[in-house]
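This report refers to the structure that appears directly beneath it.
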Number of protein chains: 2
Amino acid sequence: MTVDLEESARKLLEVVPIIMQAIRSEMRSRRSLDLTVPQFRALAFVNRNEGSSLWEVARHMGLTPPSTSRLVDGLIARGLMARNDHPADRRRVRLTVTGQGLTILEASTEGTASYLADKLSGVDADNREVIDKAVETLRAVFAPAHELER
Amino acid sequence: MTVDLEESARKLLEVVPIIMQAIRSEMRSRRSLDLTVPQFRALAFVNRNEGSSLWEVARHMGLTPPSTSRLVDGLIARGLMARNDHPADRRRVRLTVTGQGLTILEASTEGTASYLADKLSGVDADNREVIDKAVETLRAVFAPAHELER
DNA sequence: ATTAAATAATTAGAACATCTAATTATTAGA
DNA sequence: TCTAATAATTAGATGTTCTAATTATTTAAT
């Protein structure tokens, strides 16, 4: 029984980047899809939140608006996202995922989830449940507050 | 009870980047230390493995040798790491953490772990134990195989 | 109603991350 | 010894992310 907070934190700090790296490599390895993690996340968010403003995407991702603006630029350049005028407020932007963007998002989600599922398949049912529960708790702890009421 | 492998994988895919982003922001926010996550990881690895070769660092981090070479360049430029000749094999490089590097590594570890500990402090003991156990399992699943016998 | 303040987004400039391909040394093996 | 393999770097590209400054638009206050 660890229970030592600092110790738990250090382990988390060691393991999270390792998993992240695995996800990153997996995502970029599919030549045909080739989304970076931020691109993937932005696409997924806008897909779930049709017509998001740049600021909403930035807040979700924990990025500054300029960073987000560039990120979106890249996605638009590849035809995966579209930037339109907001009808009520001309300062604002309405972001949407294009058909092609959705196709790639889905393929990428599917592919990466399969990869992770494969990794997890070696874990017995009990421990998988432990992981599920931990992920749930961690989500509550780390997810931007405004996204938890869903 | 979720138990659905694919579903677990998708949740992991959602949550890991969120935690990662929190860690990244936290690390870069300490102006005086200001390590990026890859810099931090490289420093931590070389500190634990005095005299590592470039290739070992690359393998640990899941990066290509060129990427690692540049990463190390940056650390050396900041005086946090040193690159020396390997006595037996002149192709190889012996990496070590400098005194200043160690100072910054420790401060950064301490600061980031405190930040995470603070986040986790709101979680009750039972759930903390669940998280610990999950982290342990995930480490076994994702850590590079060669690093598990320790 | 006009001006000042606040908000939304972008541009500019910088440092870093990361890849593939090609190159340079050095060592090991046929 | 000449060729293979190994270790590392350089080159060139694209993407990430920051701060600071700028542009446009809307809201609020006189």
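Computed over heavy atoms, backbone and side chain alike; hydrogens, waters and symmetry mates excluded. Sequence lines set the chain letters: A, B, ... in the order given, protein chains first and strands last, and positions in each chain run from 1.
- Between A/R41 and B/P17, the shortest heavy-atom contact is CD-CB, 3.5 Å.
- With its glycosidic angle more than 90° from 0, C/dA14 adopts the anti conformation.
- For B/I23 and D/dT17, the CD1 to C1' distance is 17 Å, given to the nearest whole Å.
- Across all strands shown, D/dT23 is found opposite C/dA8 as a Watson-Crick or G-U wobble partner, with both distances under 3.5 Å.
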Base-contact (B) and sugar-phosphate-only (S) positions in nucleotides 4-9 of chain C, heavy-atom cut-off under 4.0 Å, - elsewhere: ---BSS
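- Applying the 4.0 Å criterion to OP1 and OP2 of D/dT17, one finds that A/T64 has every side-chain N and O outside that range.
- Between B/Q21 and A/G62, the closest heavy-atom pair is NE2-O, 3.2 Å.
- Taking the side chain as every heavy atom from C-beta outward, B/R10 and A/L116 never approach each other to under 4.5 Å.
- Comparing B/T68 and A/G62 along DNA chain D, the residue whose closest nucleotide (by nearest heavy atom) sits nearer the 5' end is B/T68.
- For the pair B/H86 NE2 and D/dT9 C1', the computed distance is 18 Å after rounding to whole Å.
- In this structure, B/L13 and A/M27 have side chains that are in contact, with non-hydrogen atoms separated by less than 4.5 Å.
- Here the C1' atom of nucleotide D/dT9 and the CG atom of B/L95 are 13 Å apart, to the nearest Å.
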Please tabulate the protein-to-nucleotide N/O contacts below 3.5 Å involving nucleotides 14-16 of chain D, giving atom names and distances.
{"residue": "D/dT16", "atom": "OP1", "partner": "A/T36", "partner atom": "OG1", "Å": "2.3"}

Give every donor-acceptor pair under 3.5 Å between a side-chain atom in residues 65-74 of chain A and any protein atom, sequence neighbours left out.
{"residue": "A/S67", "atom": "OG", "partner": "A/T64", "partner atom": "OG1", "Å": "2.8"}
{"residue": "A/T68", "atom": "OG1", "partner": "A/T64", "partner atom": "O", "Å": "2.8"}
{"residue": "A/D73", "atom": "OD1", "partner": "A/R83", "partner atom": "NH2", "Å": "2.6"}

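- Side-chain atoms of B/T98 come within 3.5 Å of backbone atoms of B/L80 as a donor-acceptor pair (strictly under, hydrogens ignored).
- Put simply, CE on B/M20 is 11 Å from P on C/dA17, counting in whole angstrom units.
- Protein atom CD1 of B/I76 is 13 Å distant from nucleotide atom P of C/dC16, rounded to whole Å.
- Closest heavy-atom contact between A/R139 and B/E14: NH1-OE2, 3.0 Å.
- Between A/D73 and A/Q21, the residue anchored closer to the 5' end of DNA chain C is A/D73, taking for each the nucleotide with the nearest heavy atom.
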side-chain contact (heavy atoms from CB on, under 4.5 Å) between B/V130 and A/T137, worked out: CA-CA 9 Å; B/V130 168; A/T137 305; 5.8 Å; no
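- In this structure, B/L120 and B/R128 approach most closely via the heavy-atom pair O-CD, 3.7 Å.
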